[in-house]
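Being a predicted model, the structure only gives us computed values, none of them experimental. Computation of the quantities below employed the complete heavy-atom set of this structure, encompassing side-chain atoms and omitting hydrogens, waters and symmetry-equivalent molecules.
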Amino acid sequence: IHARDSPNLKFGTLFKSSCKFLPHPMYISSRCPSDDLNNLIASFPEEAKNLQRYVMFLAATHSGHSLIGSLLDAHPNMLVANEADIFSRYVGSEKAQYPRTRLEGREEIFDDILSNSLKCALFSRYQRGYNYTVPNGWGGHWMPGKLYVIGDKKGGSTSMRIEELLNKEGTEKMLTTFQEFQQTIGLPVHIIHVYWKKDEGYRRNDGFIKILQEGMSSSKFSASEWDNSVYTCGDDASRRSLFFDTCKSLGVPCDSEILDTWASMANCRAAKKHFLKMHKGG
């Protein structure tokens with residue numbers, strides 16, 4: 001790519017905020033022809049037929065779930081976008097974050113997730129001053145014939161959209177909207193509730209999950225928890241138990257190589273510093 005066309009220069013200011021602001025992967029393909037990239041994108045519709053579950057998050061802002069989304073995206077059987085804000089864009093919220101284009105159909109949603117995950121893999125999974133790229137991970141691609149889980153990491157925004165629907169429309173309307181979302185995707189939805197401590201934010205999101213569990217079929221909706229204090233600062237046995245529970249909930253295998261990679265990304269000191277900085281006075 002010529003220097004003047006480099007995405008890191010042309011889109012540099014936006015990239016400093018998040019890799020989600022980078023151009024579509026085909027922008028790169030058109031300037032640096034790559035059969036591998038073109039073939040990967042072309043294979044996606046057929047690969048998507050193997051999908052078994054959609055994953056999304058509920059989390060407070062600065063819960064640390066950006067890293068969790070990256071860990072899942074690095075798994076050979078998963079494709080997880082970085083803040084594509086899928087649910088907000090599906091419901092047509094005016095508060096949806098970039099891009100604000102509304103998403104309606106399954107194919108459109110899945111293509112958006114692929115584009116997001118792939119461009120963040122091509123340039124690094126950068127998010128607000130932190131690089132969440134998992135070394136030697138599968139970010140942006142998958143083991144051929146074995147793509148089982150797809151989804152989006154945007155827990156704070158999803159929590160706000162559910163709360164808005166409950167406050168403005170009531171429980172029944174919120175459940176109807178969520179059921180329509182699940183039907184559009186055509187896959188069971190699994191929510192991972194990420195938290196640091198069981199505070200007011202935890203209780204609010206836990207309440208949302210209970211409403212969904214009571215109002216939706218267990219074959220179409222499930223949920224699990226990810227205690228980030230256990231992941232970042234817990235002992236090895238507790239951390240690996242968390243990994244196994246997550247993999248089991250999502251229906252994907254997690255061998256020792258995956259578990260070791262996930263564990264290697266935990267940094268207790270940095271996590272505590274980040275959490276305290278973001279929640280100073282809270």
Where the side chain of Thr158 meets the backbone of Lys154, is there a donor-acceptor pair that is under 3.5 Å apart? yes
Atom pair CG/CG of Asn131 and Leu67 - distance to nearest 0.5 Å: 10.5 Å
Holding to side chain to side chain donor-acceptor pair (under 3.5 Å), I want the full list of residues that pass it with His190, two or more places apart in sequence or in another chain. Ser222, Ser224
Should the pair Asp73-Lys153 be classified as a salt bridge under the 4.0 Å nitrogen-to-oxygen rule? no
State, yes or no, whether a side-chain contact exists between Val189 and Phe87 at a heavy-atom distance under 4.5 Å. no
Quick one: which residue pairs count as a disulfide (SG to SG under 2.5 Å) with a foot in residues 137-210, not counting sequence neighbours? none
Donor-acceptor contact below 3.5 Å, side chain Arg106 vs main chain Thr184: no
Any side-chain to backbone donor/acceptor pair from Arg161 onto Ser88? Under 3.5 Å, distance only. no
Minimum heavy-atom distance Ala223-Gln213, with the two atoms named: CB-NE2, 4.1 Å
List the residues meeting ring pair (Phe, Tyr, Trp, His ring centres under 6.0 Å) with Phe208, not counting sequence neighbours, and say none if there are none. none
Looking only at heavy atoms, the pair that brings Met265 and Pro135 closest together is SD-CD, 3.7 Å
Can you name the one residue among Lys210, Arg204, Arg203 that meets salt bridge (Lys or Arg N to Asp or Glu O under 4.0 Å) with Asp206? Lys210
With sequence neighbours left out, write down each residue that passes side-chain contact (heavy atoms from CB on, under 4.5 Å) with Glu46, or none if nothing qualifies. Lys49
For residues Asn82 and Asn116, determine if any side-chain heavy atom of one lies less than 4.5 Å from a side-chain heavy atom of the other. yes
Measuring only between side-chain heavy atoms, which start at C-beta, is Tyr148 closer than 4.5 Å to Leu250? no
Can you tell me how far the CD1 atom of Ile162 sits from the CD1 atom of Ile211, to the nearest 0.5 Å? 9.0 Å
Side chain to side chain, Ile68 and Thr246, heavy atoms closer than 4.5 Å: no
For residues Tyr202 and Trp226: do they belong to one hydrophobic cluster (side chain heavy atoms under 4.5 Å, members Ile, Leu, Val, Met, Phe, Trp, Tyr)? no
Output for pair (Asp152 CG, Phe110 CZ), nearest 0.5 Å, gives 12.0 Å
To the closest 0.5 Å, what do you measure between CG (Asp227) and NE2 (His193)? 10.0 Å
Please answer whether the main-chain N or O of Ser63 pairs with a side-chain N or O of Asn228 as donor and acceptor at a distance below 3.5 Å. yes
How would you list, by chain and number, every residue that makes a side-chain contact (heavy atoms from CB on, under 4.5 Å) with Glu108, sequence neighbours excluded? Leu103, Glu104
Residues pairing under side-chain hydrogen bond (donor to acceptor under 3.5 Å, both in side chains) where one sits in residues 247-263, two or more places apart or in two chains, turn out to be Arg240-Asp260
Without placing hydrogens or testing angles, list every side-chain donor-acceptor pair under 3.5 Å for residues 174-183, not counting sequence neighbours.
from, atom 1, to, atom 2, distance (Å)
Thr176, OG1, Glu172, O, 2.9
Thr177, OG1, Lys173, O, 3.0
Gln179, NE2, Gly215, O, 3.1
Gln182, NE2, Leu187, O, 3.0

Strictly by disulfide (SG to SG under 2.5 Å), give each pair with a member in residues 193-240 just once, sequence neighbours left out. Cys233-Cys268
Just jot down the side chain to side chain donor-acceptor pair (under 3.5 Å) partners of Ser264, sequence neighbours excluded, or say none. none
Is Tyr195 linked to Met56 within one hydrophobic cluster, defined over Ile, Leu, Val, Met, Phe, Trp and Tyr using a side-chain heavy-atom separation of less than 4.5 Å? no
I need the minimum non-hydrogen distance between Ala42 and Pro45, along with the two atoms involved. O-CD, 3.3 Å
Main chain of Leu40, side chain of Ser43: is a donor-acceptor contact present, judged purely on distance under 3.5 Å? yes
One should read off an interatomic distance between Ile113 CD1 and Leu118 CG, to the nearest 0.5 angstrom, of 13.0 Å
Glu107, CD: over 12 other non-hydrogen atoms inside 6.0 angstrom: no
Would you sort out whether Trp142 and Asn50 count as a side-chain contact (heavy atoms from CB on, under 4.5 Å), showing the intermediate values? CA-CA 12 Å; Trp142 54 88; Asn50 298 316; over 6 Å; no
CG/Leu79 to CG/Leu147 distance, rounded to the nearest 0.5 angstrom? 6.0 Å
Do Asp111 and Phe44 have side chains that approach each other closer than 4.5 Å (heavy atoms only, starting at C-beta)? yes
Ala84 backbone acceptor or donor facing Arg89 side chain under 3.5 Å: yes
Test item: Arg102 side-chain N/O and Tyr90 main-chain N/O as donor-acceptor pair under 3.5 Å: yes
Say whether, by atom type as modelled, one donor and one acceptor occur between the side chain of Ser70 and the main chain of Tyr132 under 3.5 angstrom. yes
Looking at Ala74 and Val134, what are the two nearest heavy atoms and their distance? CB-CB, 3.7 Å
Check whether any side-chain heavy atom of Leu166 sits under 4.5 Å from a side-chain heavy atom of Thr171, and report yes or no. yes
With sequence neighbours left out, the residues meeting salt bridge (charged side-chain N to carboxylate O under 4.0 Å, His left out) with Asp235 are none
Among Met143, Met78, His75, the one residue meeting side chain to side chain contact (heavy atoms under 4.5 Å, CB included) with Trp138: Met143
Salt bridge (charged side-chain N to carboxylate O under 4.0 Å, His left out) with Asp245: which residues, sequence neighbours excluded? none
All heavy atoms of Gly139 vs all of Ala121, minimum pair found to be O-CB, 3.1 Å
Under the salt bridge (charged side-chain N to carboxylate O under 4.0 Å, His left out) test, which residues partner Lys198, sequence neighbours left out? none
